[in-house]
Peer 1: 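A single structure is presented below for examination.
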Amino acid sequence: MAFVELPEWAALAPVLILAGTALALFVFDSVNPHSTNRAVLAGTSAVGSLAALGVAVWFTAAGVGAPGMDGFGVIELFDGQIVVDQMALFFIIVVTVVTALVVVASYDYMEGHAYQAEYYSLVMLAATGMATMATANSLVTIFIALELASLPSYALVAILKDNRGSVEAGLKYFLLGALSSAIFVYGISLVYGATGFLQLDAIAAELEALAAGDGGDFGGLLGLGILMLIGGFAFKTASVPFHFWAPEAYEGAPAPISAFLSSASKAAGFVIAFRVFTTAFPVDVTGQLIGVDWTLAFVILAVVTMTVGNFAAATQENVKRMLAYSSIGHAGYVLIGLAGLGAGSELVMGAAMMHLLVYGFMNTGAFLFVGLAEHWGVGRTFEDYNGLSRQAPIACAALAVFMFSLAGVPPFGGFWSKYFLFTGALEAGLLVVAVALVVNSALSLYYYARLVKAVWIEDPIVERDGLTQPTGLYAAIVVAAVMTVVLLPGFGPIADAALEAAAVVIA
Amino acid sequence: MTVPIEYYVLLSMALFCIGLFGILTRRNALMFLMSVELMLNAANINLIAFAFYHGNLTGQVFALFTMALAAAEVAVGLGIILVLYRNFRDVDVTVPTTMRW
Amino acid sequence: MTTGPKLRLDSSLAPGVLAVALFVIMATIVLNTGFSPEMEGFEGVDSITAEIGYAMFDLEALQSTEGSIPDTEAFLAAFLLIAVALDAALDASLVLAKREEEGEPVAALASRGTGSDGAGSAASGVAGSDRSAATDGGHEGSTVDADRADDPGGESR
């Protein structure tokens, strides 16, 4: 079926392309440190991320990582430290899509900024880290990839060095990030202590042996380790125990970076959580050892996270902060994917993956609209956005699409992924979670609709002159909006891909 | 005659809790960084002790990687603290309150 | 008046209690874990350092020889990845540590006295002369003069 026989390492091509782009920009910056040639820099990053996206889509279509007759099977590289399967490719697609949108939008947003080349190389390095997180199959590679994604993010949040809000956001993001990565490493060390392995498959095999009765009683140590690992994931996905950083970091950071962190970084955090908990800690064996089912932790986290996020979002006056809290709420929805794993069905996790893909478009678009508003300088609160549709109808139409899709109103992509999550949760017998999902979605409609109302119906408080139409930001927003709508007829194949990917990982 | 593994783990847990205490009480960003280093090194003690306990080197090699990453994290952290000092003339983590916690 | 250490019970009491409580919980878990009293250890291993090296570069052929350590995982992927991660850290910390003056980044190594002495233009050649002027510091050696001669931009002061 394949036209050319590619070597096995070529399965990593999307990651390699991202890394190559990042290093090329880095070299460009070293050779020509004062370049402000934004077109070349943003263009290189966009081409790099789109190339990685194209390769990842091609691989998915060609059946890389798919089992069965016309697939190439799951590809393991470096002695199983890295694995390329459908789930990895799916999340690489999410990450590269968001990266492409963000770099195109940054072309206008970062205009006049002193650190152009550094900015783009840091974005690409962070994207490399996130794509590697999708393929990592050992606690070692997971931790290093996590740091590779985090370190550039800290700098990116604080990159507006004269802006106090940005610096403050960077500081808080860094402090909580350092704390959570310390807890994460400690969790890894405890899991290593209980099993003697760091590679996920080897951990699972060792747990089987322990559960069968040879070896001591390592349940408590293992449980503590898993709890600490959950802490690390919670930071990366901005879910409850470690969500404090999110509103601050998203509000203070440049808007494209907020979009990047809240969409791509969150997806990358979830992919390692999915991988670790499906591969290394099979529900039944681990539950037998610890005495508690770890899905219980995720049931609690999911309900608490979505409730905290949505209730806090409803009380915000600042649009960016509202979006930040709503992003916490969405982390809660996706956590259902892990909470429902106990039932052994791939539907919940597939639905969570679909939601992350749709979320990648709609949430990135929403944050980029905020970036556009910051570019115009119209202010930050709901009132400041009043009547924007008179000057910028296209962007505001896109905003309405994002908001209704985020709220999960029927014809949009967000509705379908939430619908799958709902049915999946019911199928897994998680009635409480399903109810929480519905109640929170209804609540979220209130504050999303409030923004749409401000933009379309309210009269502007102050008269504005005509607003500029920055090409890059507009292009990114329109593409994101179109994709949010177009995903709808294309939802069948996406749902299939996500469900298949989930089935392979769970099996 | 070797020291039982429990003692190593207790030492590392004590170190971890001391680091956590430091994070909760220190307001100086540099002290905060040092506390995080304590926690990371607690994990290293664990990794190396467990490597000896299990008789494979995975833990030892990973501890090397952890040290490198800790150094990288400190480099970025000091950069952020530098920028913080330039903006607020202070390295107290409670001073920047443009946005509330 | 004592200068000895004092126990601060006001603000750090609650975190202190929390940390101690956490330690007690963790210690209880460890003491109840059924560790075997015997450490496996590295008996009969030729060189642990060499084994670490083999593990780091996936040299399995060497790893599995006589007197080696079984079950050590391969780390080549992690090694390559950390190379990129350290690049990222370098990039990130440089961006943060650079100073700007009049909207232009100054070379990270420039000192305050002479660093801003350039012509203020955006050309990268000026930044190069800035850096050498700064590192050469006080002594007016021939290098500085040569540098100035090369770069007309530096002559404006």
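Protein chains get the first letters and strands the later ones, always in sequence-line order, with residue 1 at the start of each. This one's a predicted model, so the numbers in the text were calculated from it and none came from an experiment.
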Peer 1: Quick check on C:Ile52 against chain B: is it the side chain, the backbone, both or neither that has a heavy atom closer than 4.5 Å?
Peer 2: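 Both parts, backbone and side chain.
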Peer 1: What distance separates C:Met26 CE from B:Phe16 CZ, expressed to the nearest 0.5 Å?
Peer 2: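 Result: 5.5 Å between the selected atoms.
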Peer 1: Measure distances from B:Leu78 to the heavy atoms of chain C and classify the residue's part below 4.5 Å as side chain, backbone, both or neither.
Peer 2: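 Interface part for B:Leu78: neither.
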Peer 1: Which atom pair, heavy atoms only, marks the closest approach of B:Glu6 to C:Thr33?
Peer 2: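 Scanning both residues, the minimum pair turns out to be OE2-O, 4.5 Å.
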Peer 1: Counting N and O atoms only, with roles assigned by atom type, does the side chain of C:Ser93 sit under 3.5 Å from a partner on the main chain of B:Gly79, one being a donor and the other an acceptor?
Peer 2: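 Between the backbone of B:Gly79 and the side chain of C:Ser93 there is no qualifying donor-acceptor contact (under 3.5 Å).
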Peer 1: With a 4.5 angstrom heavy-atom cut-off, could you sort out which part of B:Leu20 is near chain C: side chain, backbone, both or neither?
Peer 2: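 The answer is the side chain of B:Leu20.
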Peer 1: Which atoms form the tightest heavy-atom contact between C:Ala27 and B:Met13, and what is the distance?
Peer 2: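 Reported closest heavy-atom pair: N-SD, 4.2 Å.
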Peer 1: Side chain, backbone, both or neither: which part of B:Tyr7 has an atom under 4.5 Å from a heavy atom of chain C?
Peer 2: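 Nothing of B:Tyr7, per the 4.5 Å heavy-atom cut-off to chain C.
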Peer 1: With a 4.5 angstrom heavy-atom cut-off, could you sort out which part of B:Ile80 is near chain C: side chain, backbone, both or neither?
Peer 2: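 Its backbone and side chain both get close to chain C.
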Peer 1: B:Leu69 and C:Ala85: which non-hydrogen atoms are nearest, and at how many Å?
Peer 2: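 Looking at all heavy atoms of both residues, the shortest contact is CD2-CB, 4.4 Å.
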Peer 1: Looking at B:Ala68, B:Ala14, B:Ala75, which has the largest count of heavy-atom pairs under 4.5 Å with chain C?
Peer 2: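 It is B:Ala14.
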Peer 1: Does atom CZ (B:Phe52) have a neighbourhood of more than 12 heavy atoms from anything else shown, all under 6.0 Å?
Peer 2: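 Atom CZ in B:Phe52 is packed in, count exceeds 12.
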Peer 1: Does any heavy atom of chain C fall under 4.5 Å from the side chain of B:Val76, the backbone, both, or neither of them?
Peer 2: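 Both parts, backbone and side chain.
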Peer 1: Using a 4.5 Å heavy-atom cutoff, which residues in residues 27-39 of chain B come close to chain C?
Peer 2: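 So far as heavy atoms go, nothing in residues 27-39 of chain B approaches chain C to under 4.5 Å.
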Peer 1: Can you name the nearest heavy-atom pair linking B:Arg86 to C:Leu96, along with the distance?
Peer 2: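 For B:Arg86 and C:Leu96, the tightest heavy-atom pair comes out as NH1-O, 3.8 Å.
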Peer 1: For the residue pair B:Ala72 and C:Leu86, what are the closest heavy atoms and their distance?
Peer 2: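 Smallest heavy-atom distance, with atoms named: CB-CD2, 3.8 Å.
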Peer 1: Examine whether an atom of C:Ile82 lies under 4.5 Å from a heavy atom of chain B, and if so say whether it belongs to the side chain, the backbone or both; otherwise answer neither.
Peer 2: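 Looking at C:Ile82, just its side chain touches chain B.
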Peer 1: For the CG atom of B:Leu57 and the CD atom of C:Glu51, what is their distance to the nearest 0.5 Å?
Peer 2: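 The distance works out to 6.5 Å.
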Peer 1: Can you see which heavy atom on B:Val61 is nearest to which on C:Met56, and at what distance?
Peer 2: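 Distance-wise, the nearest heavy atoms are CG1-CE, 4.0 Å.
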Peer 1: With sequence neighbours left out, what residues match B:Phe21 under ring pair (Phe, Tyr, Trp, His ring centres under 6.0 Å)?
Peer 2: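 Ring pair (Phe, Tyr, Trp, His ring centres under 6.0 Å) check on B:Phe21 returns nothing, list empty.
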Peer 1: Crowded around C:Phe23 CZ? As in, over 12 foreign heavy atoms under 6.0 Å?
Peer 2: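 Enclosed: over 12 neighbouring heavy atoms sit under 6.0 Å from CZ of C:Phe23.
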Peer 1: Let me know if B:Tyr85 has heavy atoms under 4.5 Å from chain C in its side chain, its backbone, both or neither.
Peer 2: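 Answer is neither: B:Tyr85 stays 4.5 Å or more from chain C.
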Peer 1: Which answer fits C:Leu90, side chain, backbone, both or neither, if we ask what part of it has an atom under 4.5 Å from a heavy atom of chain B?
Peer 2: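 No part of it gets close to chain B.
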Peer 1: Do the rings of B:Phe65 and C:Phe75 sit parallel, tilted or perpendicular, given the 30° and 60° boundaries?
Peer 2: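 Judged by the thresholds at 30° and 60°, the geometry between B:Phe65 and C:Phe75 is parallel.
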